[in-house]
Protein chains: 2
Amino acid sequence: MSTASTQAAPGRATRADVAKLAGVSTAVVSYVTNAGPQSVAPATRKRVLEAAAALGYRPNAAARSLKTGATQLLGMVIPDATNLYFAELAVAVETAAVAHGFDLLVAHSHSSREREAQLMHSFTSRQVDGIIMLSTVADQSATTLGATKTPFVEFGCNIGTPGGLAFTVDHRAGAREGVKHLIEHGHTRIGLVVGPEMAGIAHSREVGWMDALADAGLRRGPIFRADFSRAGGLEAGRALVESAAAPSAVFVASDVQATGVIRAAHEAGVRMPDELAIVSFDASPESEYTWPALTAMQQPIDEMADAAVEAIVRLRLSEPAESRMFSTTLVRRASCGCPPSVAQ
Amino acid sequence: MSTASTQAAPGRATRADVAKLAGVSTAVVSYVTNAGPQSVAPATRKRVLEAAAALGYRPNAAARSLKTGATQLLGMVIPDATNLYFAELAVAVETAAVAHGFDLLVAHSHSSREREAQLMHSFTSRQVDGIIMLSTVADQSATTLGATKTPFVEFGCNIGTPGGLAFTVDHRAGAREGVKHLIEHGHTRIGLVVGPEMAGIAHSREVGWMDALADAGLRRGPIFRADFSRAGGLEAGRALVESAAAPSAVFVASDVQATGVIRAAHEAGVRMPDELAIVSFDASPESEYTWPALTAMQQPIDEMADAAVEAIVRLRLSEPAESRMFSTTLVRRASCGCPPSVAQ
DNA sequence: AGCCGTAGTGACTGCGTTGTCATTTCTACC
DNA sequence: GGTAGAAATGACAACGCAGTCACTACGGCT
């Protein structure tokens, strides 16, 4: 096999080509592209820039990374982009990353720990400058990351995982506030639709539900467990409306599930919010377009995304960075029973 | 500034470290990791693998790319992941890419041509092995790509763009079939909610709507133009239900828009499908959870994703590859008026 | 003994870049 | 006219890897 066959396709302009065309040395080209240590005369800079444009020159990222040790690439893992909440978060993180000069490599774990581990390998192999993980399976910064020294940030349930930083919403307090709102509407029998018990997020939201009921001295309504998915919500919703003593209100731990619950109620001819009031969590775009529109606890997604990227930037600079917990906001719409005048 | 400060963080194991620990030469390590040209004795291979595992060695992708000229990275541009159709497609492409040993770098254009152009620069700079573009703005393979020799594939409206390959659904035929279904339900006055005129996809679907009406000798109902978004659909839907002679059925050019139209109908107390029957396009996951569930033209997303990645693989091997057009399938649910027994 | 094939060696090149270094050329100011 | 300082030079060393090349060592086979 000839050596040539293992080389890159020809024709891509290199720094030397630009230098030649502009009539300068290769060092000057680098000075221009990277605001180098030496100043470059405006006229020369212009010549270089023109030559680069004429040749369609783009510095080879692989060579640059090899030299500088930085890739300007961040890796992010989400379970599944067809869950709008995750999609929104990924878009927000991308925006924040781009603002800091990074590209974002998003990969889907499909909630598989094996795939998550694979992805960590892939990311470290690609020498990403930071990793942002959103896992519904479990915290694993410490375990999987192991020897890696890559800045690591988690959107998760627990603050202060040993290995890295976590940015999360106060799931418990949020759930508590949502349920409290239902109580203020006069409901006394309030059910819960929530994710699998092993998911930390689900657990926190469940505890928040209990908190609010305890605050009001109310007994706990029935609990329905299902996947964090539309189908899971549908299943749980059907069980709810068919149950002997169905609650008059339900707190649903996520928008996607709430979408399914609403469908189940419609199927059974249950009127919302009169016969079944609903408050859910996330307030993703789709929650505004259900019928009735969902009252939900909104997460400050953009803020969280900014904070995560900022933290990675700081970690890279060896500056101190801290985990943070954000609070949610109640978005009143129709599903809780608020009048249209209050609802958005 | 010392040289050291521009180097990568220390501690990451290199090939030489592995070779030393395994007591072999560096070449052998490469032979093992890449199924090199020389065979390696099983015992030696095992020693190398163990050493690599012990050190947590991962070949540096930048160095490897620099040497081989391939990055095993594909770039994909989508307008916006919070449109579930795009999110689904991105996930499908990722799955197909991973099956071929590539990672997928997804970026969002937010339907901005400038951002699209930026992304093409970023991608070529990163030396991606292929680019997959989904643009609602216009075809631009020829223009933007210019001198780039990177394999380029488009999910779009037009087959046979000069610069590259296109994989698309037969929007026109799909729309025609959807409208035909409404006609079969006895509707004679059928409106259209469609995207901006400049979007090629919107145009094709509009023509399909006209086709079906012409086939049946029906006059064209009113046309409502709006963004390809939930908000756009809501706006169009409001205009529709408030119009003097509202149609009894409407073909909506996308699920996201249909979500808004349904909401508008609910707000106005218009019963679906009795007073307003709806057929839409895409059949994304959310279309199954609206009330009523949407009858829609389904795209073979997985097939399209596979075909696109496969085409890139072929192009890289200088094998012939062809553009392809896929057909859609009518998914009967409730919004068209089909009885529950037929509806899924 | 002679020979062949397999397994492994160790030194080396080049991928495109960044940034250093010692030196030279140019410009402007006194 | 002399000189300081800025601007530019050209050569060079990495970065980590793939893969080549010319060899050697060691069996087993005839």
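Side chains are part of it too, since the values below use all heavy atoms of this structure and drop only hydrogens, waters and symmetry mates. Protein chains get the first letters and strands the later ones, always in sequence-line order, with residue 1 at the start of each.
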B:Ser135 and B:Glu154: side chain donor to acceptor below 3.5 Å: no
Selected nucleotide, minimal atom distance to B:Arg15 side chain, candidates C:dT9, D:dT9, D:dG19: D:dG19
Nearest-Å distance for atom pair OH/P, residues B:Tyr31 and C:dA7: 12 Å
Proximity to the side chain of A:Asn60 - top-ranked nucleotide from C:dT17, C:dC15, D:dT9: C:dT17
Nearest-angstrom distance from the residue atom CG of B:Leu66 to C1' of D:dG16: 9 Å
Sugar-phosphate only, base, or nothing, as touched by B:Arg64 at under 4.0 Å among non-hydrogen atoms: sugar-phosphate
Heavy-atom donor-acceptor pair, A:Ser112 side chain to A:Arg115 backbone, under 3.5 Å: yes
First of B:Thr26 and B:Ala63 reached from the 5' end of DNA chain D, by closest nucleotide: B:Ala63
Below 4.0 Å: OP1/OP2 of C:dT17 and any side-chain N or O of A:Tyr57: yes
Nearest-angstrom distance from the residue atom NZ of B:Lys20 to P of C:dG10: 13 Å
Flag for A:Thr71-A:Arg126: side-chain donor and acceptor within less than 3.5 Å: no
Check the interface with nucleotides 3-7 of chain D: list each N/O to N/O pair with the protein under 3.5 Å, or write none.
| residue | atom | partner | partner atom | Å |
| --- | --- | --- | --- | --- |
| D:dA7 | OP2 | A:Ser39 | OG | 2.3 |

Interatomic distance, A:Asp17 CG vs C:dC15 P [rounded to whole Å]: 12 Å
Side-chain donor or acceptor of B:Ser122 paired with backbone N/O of B:Gln118 under 3.5 Å: no
Distance, nearest 0.5 Å, that separates OG of B:Ser39 from CZ of B:Arg45: 9.0 Å
Between C:dG16 (C1') and A:Lys67 (NZ): distance, integer Å: 11 Å
Distance-only criterion, 3.5 Å: show the donor-acceptor pairs between side-chain atoms of residues 303-316 of chain A and protein atoms not counting sequence neighbours.
| residue | atom | partner | partner atom | Å |
| --- | --- | --- | --- | --- |
| A:Arg314 | NE | A:Pro320 | O | 2.7 |
| A:Arg314 | NH1 | A:Glu319 | OE1 | 3.4 |
| A:Arg314 | NH2 | A:Pro320 | O | 3.2 |

In residues 73-87 of chain B, what donor-acceptor pairs under 3.5 Å come from side-chain atoms, sequence neighbours left out?
| residue | atom | partner | partner atom | Å |
| --- | --- | --- | --- | --- |
| B:Asp80 | OD1 | B:Thr82 | N | 3.0 |
| B:Asp80 | OD1 | B:Thr82 | OG1 | 2.9 |
| B:Asp80 | OD2 | B:Thr82 | OG1 | 2.8 |
| B:Asn83 | OD1 | B:Tyr85 | N | 3.0 |
| B:Tyr85 | OH | B:Gln299 | OE1 | 2.8 |
| B:Tyr85 | OH | B:Gln299 | NE2 | 3.4 |

Sugar-phosphate, base or nothing in reach of B:Thr14, heavy atoms under 4.0 Å: sugar-phosphate
d(CG, B:Asn34; P, D:dT20) in whole Å: 12 Å
